[in-house]
Protein chains: 2
Amino acid sequence: MTRPNRPQTRPHSRVEIRQHNEATILSAAEKVFAEAGFGGATMQLIADMAGLPKANLHYYFPTKEALYRRVVEDIFQIWLHAADSFDAAEGPAEGIGAYIDAKMEISRAHPAGSKVWASEVMHGAPVIQDYLETTLRDWTAGRVAVINRWISEGKMAPVDGDHLMYMLWATTQHYADFGHQIEVLNGGPLSDADWQAAKTSVKEVVLRGIGVI
Amino acid sequence: MTRPNRPQTRPHSRVEIRQHNEATILSAAEKVFAEAGFGGATMQLIADMAGLPKANLHYYFPTKEALYRRVVEDIFQIWLHAADSFDAAEGPAEGIGAYIDAKMEISRAHPAGSKVWASEVMHGAPVIQDYLETTLRDWTAGRVAVINRWISEGKMAPVDGDHLMYMLWATTQHYADFGHQIEVLNGGPLSDADWQAAKTSVKEVVLRGIGVI
DNA sequence: TCTTTTTCTGACCATATGGTCAAGTTGAGG
DNA sequence: CCTCAACTTGACCATATGGTCAGAAAAAGA
């Protein structure tokens with residue numbers, strides 16, 4: 001045997017412990033906040049799901065609100081990066097198509113995160129109001145500018161850029177936020193094929209709707 | 001002066017009192033549940049907003065959950081009636097166009113209700129699961145059947161009926177559920193003209209997207 | 001007017017929850 | 001080893017909350 005330079009059983013260095021526990025707590029918190037909302041979530045529930053004593057949560061995150069804030073901020077970052085595909089595109093068919101794909105993937109991979117975000121915004125964005133007013137506002141203005149450029153270049157139909165963005169967000173996030181309703185109507189969880197069909201349907205209607213099909 | 005057969009100051013008959021108080025409580029509850037979620041809402045807050053002592057709420061609605069249930073059920077009814085315009089239509093341009101109009105009007109007139117519904121579904125529909133499985137399921141199947149008929153008659157492009165319904169719900173309800181975010185990006189509340197533009201944009205993209213423009 | 005039924009409400013209670021703390025345990029550095 | 005700092009956690013506390021209740025007030029009916 002080679003020497004066990006990285007022990008598999010107990011890799012408990014200080015930084016490892018911290019990273020691992022924070023990640024575990026954040027993951028559990030995301031689920032609980034998504035399922036119960038901020039008010040309905042309890043630190044005890046999060047602690048149980050994380051497999052840690054409640055007091056330990058307060059060691060890493062001083063208050064429930066601080067923990068919630070971290071969850072929302074992390075989601076926001078993931079959420080913003082979906083725009084990368086948008087920017088690198090030559091025209092709307094490629095750019096918006098890729099953006100829909102990316103956002104649908106996020107809805108599938110991070111449904112809890114999307115729900116927390118939705119809940120936060122629905123309740124008036126008490127903790128990320130500043131993000132809305134700065135980061136999101138600038139971000140949106142940038143995408144709308146791209147859309148307007150495409151329109152002026154005759155690459156797509158002249159639709160309102162802001163409302164188009166809202167449509168993209170709404171349609172894609174709906175599959176996460178209203179996933180439960182969709183599953184009920186679908187008669188069970190969406191299969192790989194179902195998700196493919198969803199992506200195809202959304203892209204088809206939207207892309208034809210902006211005149212690029 | 002004519003005789004005051006209907007006294008303006010104190011029309012306090014038994015049924016009037018009951019109707020008035022129930023309506024007041026339900027209205028206040030809708031707002032508070034929308035703003036704070038079920039878990040974050042408190043009976044005291046609802047009571048204050050309704051201008052009644054807390055104990056009085058429990059006289060009309062035995063528990064917080066019973067009150068919440070009534071709020072959700074009332075919303076669901078309004079929500080379903082938006083389909084009337086859908087059914088009476090000859091073709092998709094008229095039917096789906098009218099449905100979008102109706103749902104946009106609801107988003108504008110009952111944003112709190114829409115949020116409560118969204119929150120309920122996001123949390124796994126703990127109180128209206130049966131409605132989803134029965135009423136909503138049948139309702140949706142009916143509309144999808146109409147869509148498929150239109151498709152088979154060549155009146156619109158062959159898009160998946162279920163996913164089209166999801167798109168309609170998502171795009172229209174987004175203006176209620178994410179109204180706060182939209183207002184921030186818009187730089188203030190949506191004016192009449194803004195709402196008109198929103199309706200026009202949504203209808204334009206969707207109707208062109210299903211090939212009826 | 002008198003009785004009955006409904007409505008109203010301040011005071012109260014049991015419980016749950018966010019958060020604290022002091023005493024332990026464990027890894028890191030010397 | 002030994003010391004120190006980081007981490008862990010059971011027990012505890014103050015508060016807030018959903019819900020109860022007994023008695024007052026008011027309307028309906030006789």
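- Proximity of B/Arg18 to the phosphate of C/dT6: no side-chain N or O atom is located under 4.0 Å from OP1 or OP2.
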Listed pairs under 3.5 Å, donor-acceptor, residues 35-57 of chain A side chains, sequence neighbours left out:
| unit_1 | atom_1 | unit_2 | atom_2 | d |
| --- | --- | --- | --- | --- |
| A/Thr42 | OG1 | A/Leu45 | N | 3.0 |
| A/Gln44 | NE2 | A/Asp48 | OD1 | 3.0 |

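- Protein atom CG of B/Leu52 is 10 Å distant from nucleotide atom C1' of C/dC8, rounded to whole Å.
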Notebook entry, point to check: What string of B, S and - do you get for nucleotides 17-30 of chain D, 5' to 3', if B is base contact, S is sugar-phosphate-only contact and - is no contact with any protein heavy atom under 4.0 Å?
Noted result: SBBBB----BBS--
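- Applying the salt bridge (Lys or Arg N to Asp or Glu O under 4.0 Å) definition to pairs two or more places apart or across chains, those involving residues 76-87 of chain B are B/Asp87-B/Arg143.
- Nucleic acid contact class of A/Tyr60 (heavy atoms, under 4.0 Å, all strands): sugar-phosphate only.
- Close to D/dC7, at under 4.0 Å from its OP1 or OP2, lies a side-chain N or O of A/Tyr59.
- Checking side-chain atoms of A/Ser27 against main-chain N and O of A/Ala23 turns up no donor-acceptor pair under 3.5 Å.
- For the side chain to side chain donor-acceptor pair (under 3.5 Å) condition, the pairs that include at least one residue of residues 103-113 of chain A, sequence neighbours left out, are A/Lys103-A/Gln173, A/Glu105-A/Lys199, A/Arg108-A/Asp192.
- In this view, A/Asn186 and A/Leu190, A/Asp194 satisfy the side chain to side chain contact (heavy atoms under 4.5 Å, CB included) rule, not counting sequence neighbours.
- Distance, A/Asn56 CG to D/dT9 C1': 8 Å, rounded to whole Å.
- One can place CG of A/Leu57 at 13 Å from P of C/dT20, the figure rounded to the nearest angstrom.
- Out of C/dT6, C/dC8, D/dT8, the shortest distance to the side chain of B/Asn21 is found at C/dC8.
- With sequence neighbours left out, the salt bridge (Lys or Arg N to Asp or Glu O under 4.0 Å) criterion links A/Arg149 to A/Glu153.
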